[in-house]
Amino acid sequence: MATNDSAYEAGDNYILPHDESELHRLNVQHKYLTRVICGQRLIYDKTIVLDKGSCVLDSGTGTGAWALDLANEVPDTVAIHAADVSPANFPSSYPPNIHFTLASITSLPEDWSNKFDFITQRFLFGALLAKEWPVALSEMYRTLKPGGAVQLIEMDARNPVPETPATARVRDIVGGVYDAHGLNSGIAEDLAGLLKSAGFVDVLSEKKQMPVGRMFGEIGMQGSLSIGGALRNMGSFVVKSGLSTEEEYTGLVEKVKEDWDTHGVQFSCRIAMARKPLN
């Protein structure tokens with residue numbers, strides 16, 4: 001495991017904390033996205049097969065949940081690299097074919113060029129600055145083998161359905177935080193175009209719906225923990241940005257979660273897939 005503290009400090013734009021609460025939320029989010037967006041698959045494209053000698057990157061790995069699950073599904077000869085700008089949520093134990101690295105997707109190790117058969121990245125809309133997305137995709141392109149594939153999953157929280165007054169207010173506050181930090185809250189809808197601009201081919205972007213709230217049963221409760229937990233955990237950044245008081249924001253988040261349980265809500269999400277050309 002790499003422990004380059006300067007890389008961590010320089011590359012960490014994440015508006016969520018690196019603590020126990022966030023660790024739990026990320027693990028729930030992993031299960032939720034795998035089920036809701038990928039149909040209970042870690043790799044959505046069924047034509048992608050990882051076999052002996054394959055090499056994979058989990059970018060923005062967080063707790064390493066995706067990498068750990070993949071290790072249970074593929075031969076132990078598949079090398080799984082898991083990278084993040086913070087080691088705070090890395091697991092303490094893991095199989096020998098998983099390699100945790102402290103690195104940002106905007107600046108991967110130079111010797112990783114043409115290394116990976118597959119790269120996955122999920123929900124970095126709250127971590128990568130708008131100006132960093134083209135750089136990140138360029139790094140993915142560089143580090144993929146010719147013919148290698150990328151899978152990106154990003155949420156668009158701008159148009160929840162239905163939109164209750166509390167949900168709209170929180171949406172506007174969080175949007176202000178994103179603007180203040182230079183983030184792109186609409187990155188989900190931009191992925192396909194950015195992938196094409198980076199040189200990728202066979203680009204496909206599918207829109208999915210994320211059900212949230214108790215009325216959707218167990219999966220909706222997972223969604224509430226994932227998304228509602230993120231709203232709660234970014235409270236300090238909201239207050240620091242001057243867009244709300246702690247009391248107002250905490251009350252709004254609780255009201256939003258009540259609304260979700262009562263009425264249900266769906267957020268849109270995009271899963272984008274593409275390949276690096278063979279030539």
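Numbers for residues simply follow the sequence, beginning at 1. Any value given below was found using the heavy atoms of this structure, including those in side chains, with hydrogens, waters and symmetry copies removed.
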Cluster link Leu129 to Leu124, ILVMFWY, side chain under 4.5 Å
yes
How long is the gap from CE on Met221 to OH on Tyr32, to the nearest 0.5 Å?
13.0 Å
Around atom CZ of Arg142, are there more than 12 heavy atoms from other residues, nucleotides or ligands closer than 6.0 Å?
yes
Throw together a table of side-chain donor-acceptor distances under 3.5 angstrom for residues 56-74, partners on residues two or more places apart or in other chains.
unit_1 : atom_1 : unit_2 : atom_2 : d
Asp58  : OD2    : Thr61  : OG1    : 2.8
Ser59  : OG     : Gln121 : OE1    : 2.7
Thr63  : OG1    : Asn27  : OD1    : 2.6
Thr63  : OG1    : Ala65  : N      : 3.4
Trp66  : NE1    : Leu42  : O      : 3.1
Asp69  : OD2    : His30  : NE2    : 2.7
Asn72  : ND2    : Leu68  : O      : 3.4

Joint cluster assignment, Leu194 & Leu204, ILVMFWY side-chain distance < 4.5 Å
yes
Under 6.0 Å from the NZ atom of Lys31, do we count more than 12 heavy atoms belonging to anything else shown?
no
Would you say the side-chain atoms of Ser224 pair up with the backbone N or O of Gly220, donor to acceptor, closer than 3.5 Å?
no
Is the backbone of Val177 close enough, under 3.5 Å, to the side chain of His181 for a donor and an acceptor to pair up by distance?
yes
Ignoring hydrogens and geometry, is there a side-chain-to-backbone donor-acceptor pair from Glu22 to Asn233 under 3.5 Å?
no
Per the ring pair (Phe, Tyr, Trp, His ring centres under 6.0 Å) rule, what does the pair list look like for residues 183-206, sequence neighbours excluded?
Tyr141-Phe200
Using the rule side chain to side chain contact (heavy atoms under 4.5 Å, CB included), only one of Leu191, Leu183, Thr106 pairs with Trp133; which is it?
Leu191
Mutual orientation of the aromatic rings belonging to Trp112 and His81 [parallel < 30°, tilted 30-60°, perpendicular > 60°]:
perpendicular
Verdict with supporting geometry, Asp261 and Lys257, salt bridge (Lys or Arg N to Asp or Glu O under 4.0 Å):
CA-CA 6 Å; Asp261 282 341; Lys257 291 166 71 175; over 6 Å; no
Is it the case that the side chain of Tyr249 and the backbone of Leu231 share a donor-acceptor pair, with hydrogens and angles ignored and the cut-off at 3.5 Å?
yes
Donor on one side chain, acceptor on other, Thr167 and Thr164, under 3.5 Å:
yes
More than 12 heavy atoms of other groups within 6.0 Å of Glu163 CD
yes
Answer yes or no: is there a donor N or O on one side and an acceptor on the other, between the side chain of Asp117 and the main chain of Cys55, under 3.5 Å?
yes
For the backbone of Asp51 and the side chain of Ser54, can you confirm whether one donor and one acceptor N or O come within less than 3.5 Å of each other?
yes
Donor-acceptor pair, Arg275 side chain versus Gly148 backbone, under 3.5 Å?
no
Is the distance between the ring centroids of Phe116 and Phe118 under 6.0 Å?
no
